[in-house]
Amino acid sequence: MTGIRLHAPEPGWAIDADVVVIGSGVAGLTTALRCEAAGLRTVVVTKATLDDGSTRWAQGGIAAALGEGDTPEQHLDDTLVAGVGLCDEAAVRLLVTEGPDAVRRLMATGAAFDRTSDGEISLTREGGHHRRRIAHAGGDATGAEISRALVEAVRGQGIRTIEHALVLDLLKDGEGRAAGVTLHVMGEGQHDGVGAVRAPAVVLATGGMGQVFSATTNPPVSTGDGVALALRAGAEVSDLEFVQFHPTVLFLGAGAEGQQPLVSEAVRGEGAHLVDADGVRFMLGQHELAELAPRDIVAKAITRRMQEQGTEHMYLDARHFGAEMWEQRFPTILAACRAHGIDPVTDPIPVAPAAHYASGGVRTDLRGRTTVPGLYACGEVACTGVHGANRLASNSLLEGLVFAERIAADLAEHGPHREGAARAEAEAEGTVLTLIAPEARRDIQRIMTRYASVLRSAASLTAAADALEALRQDAEGERKAAEPGVDSWETTNLLSVARVLAASALAREETRGCHWREDRPDRDDEHWRRHLVVHLAPDRSPVVRTTGTADFPPVTP
């Protein structure tokens with residue numbers, strides 16, 4: 001391993017595999033199942049338990065052209081519009097053409113989707129979609145059902161899993177290829193402490209980085225570990241400035257922090273209205289789809305209205321649904337609202353935007369390969385080019401599914417590069433990164449929430465970058481650095497991804513998709529229909545470069 005690595009004890013144990021998959025959402029478990037079916041010895045590493053990733057929290061569903069009259073071409077058009085000129089059309093075309101069959105294979109794995117009275121898959125609409133193409137399960141518990149089915153399949157196949165494990169760093173062989181990972185098992189299961197999984201193919205499926213902000217829909221495990229690992233390993237990341245803020249997150253108060261309850265876009269898809277304190281539907285006239293406009297447009301409209309009225313939230317009004325529809329179609333959301341003293345059957349729901357999804361991530365090609373040989377990425381941790389500047393609703397589960405299958409197909413076709421893994425040494429040299437004290441986590445979140453969330457400007461982003469740099473310098477200036485441990489490793493990862501996000505957002509001098517610059521309010525295709533690609537310099541600072549066109553450069557030289 002060369003480059004930068006976390007300060008951690010040397011591995012005290014090691015196991016060997018052909019493929020190690022980091023993460024247990026739809027992307028990770030699908031990759032594992034397909035690799036195992038191809039005869040590759042596969043190990044799944046997950047930070048909590050197998051069923052505790054981001055997938056289980058997905059309410060709305062999975063988008064695919066499954067309905068009568070719908071076509072992949074129409075799905076492609078909606079995705080390109082939402083991505084505001086930065087989608088990779090080849091990647092989107094793969095997504096929408098391979099997506100329907102991938103969903104059917106997911107059903108064959110055991111995922112049970114809601115059906116109509118005549119047995120057809122029940123489809124709904126969400127923001128940015130011109131057709132009903134969102135398949136859902138359990139009303140609003142789609143992610144939980146997908147997670148259940150995939151976990152059962154993984155356990156049924158006897159795939160080796162390591163739970164309660166935080167991945168630390170990538171191992172490389174003498175040729176610079178991936179050769180496994182180091183990880184820390186948190187006192188649960190067969191292994192304990194720092195160890196290594198030696199494998200010639202490493203698949204990052206670690207989910208998002210929503211915990212970099214104070215309020216997010218992401219679970220506590222979403223601390224940007226995969227992006228941070230990839231950066232330390234020398235991989236490139238792209239489009240990290242495009243963080244999608246979900247427009248309708250249950251407002252629990254101005255000081256609410258951590259994971260917040262999501263009110264799915266499917267509620268608006270079924271006819272709920274966004275209103276202000278006076279009951280006015282403020283999305284009318286803002287976009288042809290009104291409340292079902294792409295998420296960046298709705299989030300901006302809510303934020304703008306909040307500013308105009310000096311309020312902290314808007315309302316989602318679905319009282320006209322009635323009790324029966326709420327109980328049958330949205331039981332999870334109904335329960336979450338009632339747990340916080342709000343009854344959507346009789347009251348409008350207070351909502352405000354919160355960090356939801358990273359459209360950017362570790363840059364990959366159409367087979368999920370990153371700029372580090374042997375290192376793959378899929379799901380939210382990856383930047384495949386599908387989402388562009390703003391993810392279309394419910395394309396995330398589909399992206400994880402489709403690109404997981406493509407990674408497994410690539411590994412099955414070409415086979416892992418086995419020679420290097422046997423020679424990799426877990427204690428290989430590298431610059432050891434000073435760890436950030438766990439108490440800085442809230443400081444990072446508050447800096448990012450104040451200066452780099454929905455509304456941004458050169459002044460605010462410069463303030464964010466300076467404040468984050470001060471945290472890093474404070475850590476390096478301490479007489480006693482933070483001790484290795486899960487909390488300090490996570491906080492260090494959060495600081496790393498926050499610095500890259502702030503640097504990218506400062507570099508992009510326009511407003512596009514979910515990147516909203518108050519000081520640069522217009523979209524500028526001439527200068528900024530480009531991608532920002534970032535790697536870490538030897539001094540650990542982000543190096544941002546702009547691509548020459550809207551196309552990604554190849555991941556291989």
Side-chain angles (χ1 to χ4, degrees), residues 23-33 44 46-64 66 102-115 121-124 126 134-156 159 161 163-164 205-208 210 216-222 246 248-250 258-267 269-270 325-340 344 354 356-357 378-380 391 393-401 404:
S24 60
V26 63
L29 296 186
T30 300
T31 303
L33 285 166
V44 175
T46 186
K47 196 170 176 182
T49 59
L50 276 185
D51 60 355
D52 202 25
S54 293
T55 292
R56 64 175 286 211
W57 299 100
Q59 293 174 344
I62 185 166
L66 297 164
V103 173
R104 294 184 184 101
R105 285 189 288 273
L106 179 62
M107 294 177 189
T109 303
F113 286 86
D114 295 340
R115 302 274 176 170
I121 298 170
S122 180
L123 300 171
T124 190
E126 290 186 357
I134 317 300
H136 50 84
D140 58 359
T142 310
E145 170 59 17
I146 290 173
S147 179
R148 179 205 62 77
L150 292 174
V151 168
E152 283 190 9
V154 164
R155 288 178 174 153
I159 295 173
T161 61
E163 296 180 306
H164 305 284
T206 52
T216 177
T217 62
N218 290 188
V221 294
S222 298
H246 198 288
T248 54
V249 176
L250 184 62
Q259 186 178 12
Q260 311 291 300
L262 177 66
V263 182
S264 170
E265 199 152 308
V267 177
E270 295 292 353
M325 181 173 175
W326 267 110
E327 289 164 2
Q328 293 183 1
R329 180 67 180 87
F330 301 111
T332 307
I333 298 169
L334 179 63
C337 289
R338 285 177 170 171
H340 291 284
H356 181 58
Y357 190 89
C378 60
E380 189 173 355
R391 173 178 68 93
S394 288
N395 268 357
S396 50
L397 291 175
L398 189 71
E399 182 200 31
L401 189 63

- Identify the heavy atoms of C337 and P344 that sit nearest to each other, and give their distance. CB-CG, 3.7 Å
- Query: Just wondering, do P331 and D140 contact through their side chains at under 4.5 Å, heavy atoms?
  - Reply: yes
- Message: Can you give me the closest heavy-atom contact between R115 and I121, atom names plus distance?
- Response: NH1-CG1, 3.5 Å
- Flag the pair V249 / H356 as yes when at least one side-chain heavy-atom distance between them is below 4.5 Å, and no otherwise. no
- Output for pair (E399 CD, S394 OG), nearest 0.5 Å, gives 13.0 Å
- Message: Tell me if a side-chain donor or acceptor on D114 pairs with a main-chain N or O of G139 at a distance below 3.5 Å.
- Response: yes
- Query: To the nearest 0.5 Å, how far apart are CD1 in I146 and CD1 in I62?
  - Reply: 5.0 Å
- With the side chain counted from C-beta on, respond yes when R391 and S396 share a heavy-atom pair under 4.5 Å apart, and no when they do not. yes
- Message: Test side chain to side chain contact (heavy atoms under 4.5 Å, CB included) on Y357 and E380; report intermediate values, then the result.
- Response: CA-CA 7 Å; Y357 190 89; E380 189 173 355; 3.4 Å; yes
- Hey, mind stepping through S264 and E126 against side chain to side chain contact (heavy atoms under 4.5 Å, CB included) and telling me if it holds? CA-CA 9 Å; S264 170; E126 290 186 357; 4.0 Å; yes
- Given side chain to side chain contact (heavy atoms under 4.5 Å, CB included), test E163 with L50 step by step and report yes or no. CA-CA 7 Å; E163 296 180 306; L50 276 185; 3.5 Å; yes
- Message: Under the rule for side-chain hydrogen bond (donor to acceptor under 3.5 Å, both in side chains), what residues qualify as partners of Q260, not counting sequence neighbours?
- Response: none
- Separation between CG (L262) and OG1 (T216), nearest 0.5 Å, reads 10.0 Å
- Message: With side chain to side chain contact (heavy atoms under 4.5 Å, CB included) as the test, pick out the partner of T109 among L150, T30, V154, L29.
- Response: L150
- Query: Are a donor atom and an acceptor atom from the side chains of H136 and T142 found within less than 3.5 Å of each other?
  - Reply: no
- Message: Testing the basics here: between T332 and A141, what is the closest heavy-atom pair and its distance to 0.1 Å?
- Response: OG1-CB, 4.0 Å
- Query: Charged N to carboxylate O under 4.0 angstrom, E145 versus R148?
  - Reply: yes
- V44 and A32 have their tightest heavy-atom pair at CG2-CB, 3.5 Å
- Out of curiosity, T206 OG1 to K47 NZ, how far, rounded to the nearest 0.5 Å? 8.5 Å
- Message: If you define the side chain from C-beta out and look only at heavy atoms, does anything of L123 sit under 4.5 Å from F113?
- Response: no
- Message: Show the nearest heavy-atom pair for residues T55 and V26, with the distance to one decimal.
- Response: OG1-N, 2.8 Å
- Query: Taking atom types as modelled, is there a side-chain donor on E270 or T124 under 3.5 Å from an acceptor on the other?
  - Reply: yes
- Item | Heavy-atom side-chain contact between R104 and L66 under 4.5 Å | yes
- Considering only heavy atoms from C-beta outward, does the side chain of T31 approach that of C378 to under 4.5 Å? yes
- Where do A266 and R329 come nearest, in terms of heavy atoms and distance? CB-NH2, 3.8 Å
- Query: Counting only N and O atoms by type, is there a donor-acceptor contact under 3.5 Å from the side chain of T248 to the main-chain atoms of V263?
  - Reply: yes
